[in-house]
Amino acid sequence: MAFRQSFSFITAKELATLLKTPGKRKEIAVVDVRDDDYQGGHIKGCIHSPSLKFLDGGIEDIREKTKDTPTVVFHCFLSQIRGPKAARIYAESTDEVRQRGGDAPIPQEVYVLRGGFTEFQTFFKDDENLVEDYDPAYWSREVDTF
């Protein structure tokens with residue numbers, strides 16, 4: 001049995017390009033699964049679904065919110081654990097729902113934002129079309145607890 005990864009990675013610059021392309025923004029859902037570390041800013045228009053609640057109805061909520069969206073991008077602070085885990089669970093469970101003939105979203109490309117919001121804000125913190133609620137004080141401190 002061959003292993004097939006249920007998601008791909010997308011860079012901050014690739015995502016920003018897609019989000020800034022006229023007509024593409026509505027075709028992309030960005031899901032931020034950060035928990036207490038959600039502070040400091042986020043990608044404009046993202047769906048916030050904390051990882052601690054992801055298995056407690058979070059998947060169904062995201063599935064409903066993204067059912068007509070061809071591209072879904074997950075991320076967390078660094079996209080090393082929570083973002084990839086959420087993307088995998090979402091993609092695999094959505095495939096299961098689809099195979100059982102359930103109410104699944106349209107076929108989707110599922111991505112994880114490489115480097116998470118940490119890398120994204122490094123490049124785009126000053127772009128109000130991409131980042132909202134940015135707090136420079138949050139990012140100027142030493143971040144060693146994540």
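- For the side-chain contact (heavy atoms from CB on, under 4.5 Å) test with His75, the passing option among Leu15, Ile10, Ile43 is Ile43; the others fail.
- Considering CZ of Arg82 and OG of Ser51, their distance stands at 5.0 Å, rounded to 0.5 Å.
- In this structure, the separation between CG on Asp32 and CZ on Phe77 is 11.0 Å, given to the nearest 0.5 Å.
- We find the CD1-NE2 distance between Ile62 and His48 to be 10.0 Å, quoted to the nearest 0.5 Å.
- Between the CG atom of Leu78 and the OG1 atom of Thr118 there is a distance of 4.5 Å, given to the nearest 0.5 Å.
- Note that the CG atom of Asp61 and the CZ atom of Phe54 stand 10.0 Å from one another [nearest 0.5 Å].
- Salt-bridge annotation for Asp95 and Arg98: present, with a side-chain N of the basic residue lying under 4.0 Å from a carboxylate O of the acidic one.
- Put simply, the side chain of Thr66 never gets that close to the backbone of Thr69: no donor and acceptor are under 3.5 Å apart.
- Although no hydrogens or angles enter the test, the distance criterion places a donor-acceptor pair under 3.5 Å between the side chain of Asp35 and the main chain of Leu52.
- Tyr134 is connected to Leu130 through a chain of hydrophobic side-chain contacts under 4.5 Å among Ile, Leu, Val, Met, Phe, Trp and Tyr, so both are in one cluster.
- Between atom CZ of residue Phe123 and atom OG1 of residue Thr11 there is a gap of 8.0 Å, rounded to the nearest 0.5 Å.
- Hydrophobic clustering places Tyr138 together with Val131 (ILVMFWY residues linked when any side-chain heavy atoms are closer than 4.5 Å, directly or through intermediates).
- For Thr17, there are no side-chain hydrogen bond (donor to acceptor under 3.5 Å, both in side chains) partners two or more places apart in sequence or in a different chain.
- The environment of CD in Glu119 is crowded: more than 12 heavy-atom neighbours from other residues, nucleotides or ligands sit within 6.0 Å.
- Within the 3.5 Å criterion, the main-chain N or O of Leu113 finds a donor-acceptor partner in the side chain of Ser79.
- Results of the side-chain hydrogen bond (donor to acceptor under 3.5 Å, both in side chains) test with Thr94 over Arg63, Lys67, Gln99, Gln108 single out Arg63 as the only residue that passes.
- Using cut-offs of 30° and 60° for the angle between ring planes, the Tyr38 and His42 rings count as parallel.
- Ring centroid separation for the pair Phe74 and Tyr90 comes in under the 6.0 Å cut-off.
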